[in-house]
Amino acid sequence: MKKILLTLTIAAVFQNVSAQEITLDKIYSGYYRGKGIAGISSMKNGENYLVIEPTGIAKYSYKTSQKEGNIVDGKFESYIFSDDESKILLQIESQPIYRHSFLGKFEVRDLKSDKTISLNNGKAVQEPTFSPDATKVAFISDNNLFYQDLTSGKIIQITTDGKKNSILNGLADWVYEEEFGHARQYEWSKNSDAIVFVKSDESQVPEIYIPIYGKSLYPAEMRYKYPKAGEKNSIVSAQLYRLDNGKTMQLNLGSFKNYYIPNVFQTAKPDEIVLITSERIQNASDVLKVNTKTGAVQKLFTETDDKWIDTDSPILEFLEDDSFLWGSERDGNRHLYWYDKDGKLKKQVTKGNWEVTDYYGFNPKSKEIYIQTTEKGSINKVISKVNIENGKSRLISNSEGNNSANFSKNYNYFIETSSTASRPHTYVLKDGNGKTVKELQNNNDQLQKLKADNFVEKEFITIPNAAGDQMNAWVMKPKNFDPNKKYPLFMFQYSGPGSQQVANSWDNGNAMWFNHLVQKGYIVACVDGRGTGYKGAKYKKVTYMNLGKYEIEDQITAAKWFGNQSYIDKNRIGMFGWSFGGYMTSLAMTKGADVFKMGIAVAPVTNWRYYDSVYTERFMRTPQENPDGYDKNSPTEYADLLKGKFLLIHGTADDNVHFQNSMEFSEALIQNKKQFDFMAYPDKNHGIYGGQTRPQLYQKMTDFILNNL
């Protein structure tokens with residue numbers, strides 16, 4: 001389960017709205033919409049970078065920051081360079097499937113000859129990737145793996161057994177895509193003569209079917225394989241395809257953990273691929289090296305944890321000598337460890353009471369790695385460079401806020417994308433030591449519009465919980481805040497494992513809606529309790545086997561803390577959340593019924609037995625192993641406790657958190673004679689958007705708050 005993005009940039013008519021106020025009409029019209037730079041990518045020479053512009057793929061100079069023209073003219077959604085930059089793969093159009101997957105039409109442009117060929121004869125494909133030598137492009141069509149020779153145009157079919165809801169070749173099934181975070185399950189060898197891919201047999205996975213109403217006389221059905229907690233998953237195997245003989249062999253993983261194969265990585269050596277595998281209990285991962293000439297498999301090492309390993313977001317980077325960097329929480333925080341090519345630990349590279357949150361690259365000349373960390377506080381993300389040999393570190397970004405980077409290939413420059421809770425995104429060109437060369441773009445216009453309409457900034461505080469932790473929190477108060485007055489409190493949270501809502505970063509989505517509510521006289525607050533991320537493994541993993549228990553205890557504690565403040569009316573506290581946050585809101589209105597007067601739960605899980613295997617079992621193990629962990633933390637078990645005003649919202653075509661969750665909870669409430677409000681959005685998925693859906697949804701929620709809090 002990934003955090004649902006709650007953006008409000010839905011087009012609507014913007015007219016006759018009052019000044020000095022953030023209104024729903026202004027939000028939906030895009031009046032406050034910010035600007036960005038799309039598709040930033042460094043060129044191999046380290047002196048130029050590319051961005052996507054309306055007229056084509058534009059080339060800029062790092063040194064002068066001036067545009068040097070388009071390398072390709074036209075309108076494109078995305079692009080991928082070949083390693084030698086002789087060719088570019090251009091995405092012309094796309095159609096989304098699930099969280100990451102999409103069908104797309106692509107063309108390949110030879111930048112030397114200016115010749116263009118259509119990939120797969122112009123038919124839509126999935127996950128196309130250049131071979132490292134730029135002579136071929138692999139892709140997936142109808143669950144089968146192919147490659148196209150770019151010289152002859154010939155298309156070679158690698159697999160033939162691909163079938164919908166049965167066999168997938170090189171492509172993630174639904175749960176792999178959702179919970180391991182990517183759709184592509186294959187990789188080229190460095191010398192372009194082999195492909196290692198994952199074959200998934202989902203024929204025995206139980207099927208979910210969802211009615212699609214549309215305007216048909218009889219509803220259609222969406223059917224796909226969805227392994228719920230404790231049920232059968234796809235049977236996966238690793239396959240090696242050799243281009244020289246056109247043969248495929250199954251790799252022997254019998255001596256290793258092989259229930260899941262979440263990741264396939266290319267190494268620095270020409271004849272190697274690395275697999276990351278695990279058993280169904282995700283507390284250990286094997287890192288396996290595959291010889292792509294012989295098919296021999298060797299274990300480099302096993303990463304273990306007494307609770308779980310975040311198999312959805314590994315850091316694994318191979319250096320030029322085939323030694324590699326690995327991200328691990330083994331010392332209590334996520335840090336980087338340096339291994340030699342045979343899997344022997346050389347040293348721990350980063351240390352401290354903070355975490356590495358992203359990895360950008362390694363400069364072999366200076367022996368420095370470039371990383372994003374929380375070393376300036378858990379609500380901030382900053383960029384540093386660290387000498388891999390002596391550990392010497394230097395901060396090269398702003399020291400506060402959310403900062404990310406896109407580096408030039410030689411690491412002499414980087415484009416820093418930066419924001420804080422009070423400053424929208426800025427794009428700044430800096431040199432490798434963090435010195436500003438030029439500000440490329442800011443969003444001062446966006447900020448001025450918001451300030452003119454009395455935008456309220458977040459105030460960051462900490463709140464103690466029963467375990468003695470200081471929970472990160474933010475509060476938004478009215479402009480004319482009077483500490484002697486009693487205000488109703490509206491709490492927002494997500495609370496899922498490793499997530500973060502209390503961050504010193506700009507929020508282009510709900511922050512504007514929250515401002516609208518603040519201007520209506522509410523105080524809005526958010527608290528990241530136990531289970532959330534960036535405060536160390538202990539804080540995050542205390543929820544193991546009891547998902548929901550400590551999280552809701554912390555939200556109730558926070559609400560009581562606020563209720564004891566002189567400026568909060570403790571009899572008027574409400575909560576809102578989406579997805580995992582909807583689950584938490586459902587618990588708040590039942591387990592916390594004496595504290596919360598009102599709640600809005602959108603697309604909630606209401607029983608973890610109904611959610612997918614990979615995510616749920618990572619934190620809970622299976623229902624067969626841990627029945628109490630599932631049932632004692634389900635809001636349906638506490639339906640008889642509901643007291644306040646409750647609004648339950650769900651899309652009928654939610655492929656992620658099924659409508660079934662809200663149906664079961666509704667039935668439990670009904671049988672306990674509890675009155676509540678319910679809104680179903682026909683044929684809408686987990687995001688509940690499309691047309692005028694979001695404006696209607698947020699108006700409904702706003703009205704519910706105004707009438708009941």
Side-chain angles (χ1 to χ4, degrees), residues 32-73 75-76 78-81 85 88 111 357-363 365-366 368-373 375-376 380-386 393-451 503-508:
Y32 302 116
R33 187 177 295 136
K35 298 175 291 185
I37 299 177
I40 302 171
S41 176
S42 175
M43 296 192 72
K44 200 171 184 178
N45 61 17
E47 300 301 322
N48 296 95
Y49 65 93
L50 306 177
V51 299
I52 298 175
E53 294 185 347
T55 61
I57 312 298
K59 178 180 176 182
Y60 284 82
S61 165
Y62 280 115
K63 187 174 183 179
T64 67
S65 73
Q66 297 299 306
K67 183 175 178 177
E68 297 181 351
N70 288 344
I71 64 165
V72 179
D73 294 324
K75 188 174 180 61
F76 308 106
S78 184
Y79 67 93
I80 302 171
F81 254 135
E85 297 183 348
I88 188 169
L111 297 176
T357 51
D358 205 352
Y359 172 86
Y360 296 116
F362 173 68
N363 185 345
K365 291 183 179 179
S366 66
E368 291 171 319
I369 59 170
Y370 297 82
I371 54 177
Q372 183 193 63
T373 77
E375 58 190 282
K376 293 299 181 180
N380 297 300
K381 294 183 179 63
V382 297
I383 305 160
S384 296
K385 59 179 182 177
V386 181
S393 175
R394 176 173 178 174
L395 181 70
I396 58 175
S397 72
N398 299 320
S399 60
E400 65 172 4
N402 191 321
N403 305 278
S404 60
N406 190 291
F407 282 88
S408 64
K409 295 295 185 185
N410 54 17
Y411 299 99
N412 290 338
Y413 301 96
F414 68 99
I415 295 173
E416 176 191 82
T417 303
S418 177
S419 76
T420 68
S422 58
R423 189 192 73 242
H425 296 90
T426 60
Y427 300 81
V428 178
L429 176 61
K430 293 188 172 183
D431 67 19
N433 290 317
K435 182 180 178 181
T436 296
V437 176
K438 183 181 179 180
E439 183 179 277
L440 302 178
Q441 185 171 287
N442 61 52
N443 277 289
N444 291 340
D445 290 348
Q446 179 189 18
L447 185 59
Q448 290 308 311
K449 287 179 180 179
L450 286 163
K451 284 186 172 181
N504 188 15
S505 60
W506 185 253
D507 180 1
N508 267 321

- Item | Stepwise side chain to side chain contact (heavy atoms under 4.5 Å, CB included) check, Thr417 with Gln441 | CA-CA 10 Å; Thr417 303; Gln441 185 171 287; over 6 Å; no
- Could you walk me through whether Tyr370 and Asn363 pass the side chain to side chain contact (heavy atoms under 4.5 Å, CB included) test, one step at a time? CA-CA 8 Å; Tyr370 297 82; Asn363 185 345; 3.8 Å; yes
- If the plane angle is over 60° it's perpendicular, under 30° parallel, otherwise tilted; pick one for Tyr49 and Tyr62. tilted
- Do the ring planes of Phe407 and Tyr411 sit parallel (below 30°), tilted (30 to 60°) or perpendicular (above 60°)? tilted
- Message: Checking the side chain of Asn504 only, and the main-chain atoms of Thr420 only, is there a donor and an acceptor separated by less than 3.5 Å?
- Response: no
- Note on the structure: What one should report as the nearest heavy-atom pair of Ser393 and Val386 is OG-CG2, 3.8 Å
- Look up atom CZ in Arg423 and atom OG in Ser505, then write down how far apart they are to the nearest 0.5 Å. 11.0 Å
- Within the side chain of Ser41, is there an N or O that forms a donor-acceptor pair under 3.5 Å with the backbone of Leu50? no
- Note on the structure: One should read off an interatomic distance between Leu447 CG and Thr426 OG1, to the nearest 0.5 angstrom, of 11.5 Å
- Could you state the interatomic distance from OH (Tyr427) to CD (Glu439), rounded to the nearest 0.5 Å? 11.5 Å
- Message: Could you tell me if Ser418 and Asn403 have a donor-acceptor pair between their side chains, going purely by distance under 3.5 Å?
- Response: yes
- The single option from Thr436, Leu440, Thr64 passing side chain to side chain contact (heavy atoms under 4.5 Å, CB included) against Leu429: Leu440
- Item | side chain to side chain contact (heavy atoms under 4.5 Å, CB included) evaluation trace for Ile383 with Tyr360 | CA-CA 9 Å; Ile383 305 160; Tyr360 296 116; 4.2 Å; yes
- Message: Checking side-chain polar atoms at under 3.5 Å, does Gln66 have a donor or acceptor matched by the opposite partner on Ser61?
- Response: no
- Query: Does Arg394 come within less than 4.0 Å of Glu368, counting only side-chain N to carboxylate O?
  - Reply: no
- Query: Between Lys430 and Glu416, is a salt bridge (charged side-chain N to carboxylate O under 4.0 Å, His left out) present by the stated rule, with each step listed?
  - Reply: CA-CA 7 Å; Lys430 293 188 172 183; Glu416 176 191 82; 3.0 Å; yes
- Minimum-distance pair of heavy atoms, taken over all atoms of Phe414 and Asp431: CE2-O, 3.3 Å
- For the student: nearest non-hydrogen atoms of Gly432 and Lys385, plus distance: O-NZ, 3.5 Å
- Task: Compare every heavy atom of Asn443 with every heavy atom of Pro424, then report the nearest pair and how far apart it is.
- Result: CB-CB, 3.6 Å
- Gly46 versus Ser42, closest heavy-atom pair with distance: CA-OG, 4.4 Å
- Task: Given side chain to side chain contact (heavy atoms under 4.5 Å, CB included), test Val382 with Asn398 step by step and report yes or no.
- Result: CA-CA 7 Å; Val382 297; Asn398 299 320; over 6 Å; no
- Query: Looking at side-chain heavy atoms only, is the closest gap between Glu85 and Leu111 below 4.5 Å?
  - Reply: no
- Within a reach of under 6.0 Å around NZ of Lys75, are more than 12 heavy atoms found that belong to other residues, nucleotides or ligands? no
- Kindly indicate whether the side chain of Ile88, heavy atoms from C-beta on, has any atom under 4.5 Å from the side chain of Ile80. no
- Any chance you could measure Gln446, atom CD, to Asn508, atom CG, to the nearest 0.5 Å? 5.0 Å
- Task: Indicate the atoms forming the closest heavy-atom contact of Asn45 with Asn410, along with that distance.
- Result: O-ND2, 3.8 Å
- Separation of Lys376 NZ from Ser384 OG (nearest 0.5 Å): 8.0 Å
- Query: Does a donor on one side chain sit under 3.5 Å from an acceptor on the other, for Asn70 and Thr55?
  - Reply: yes
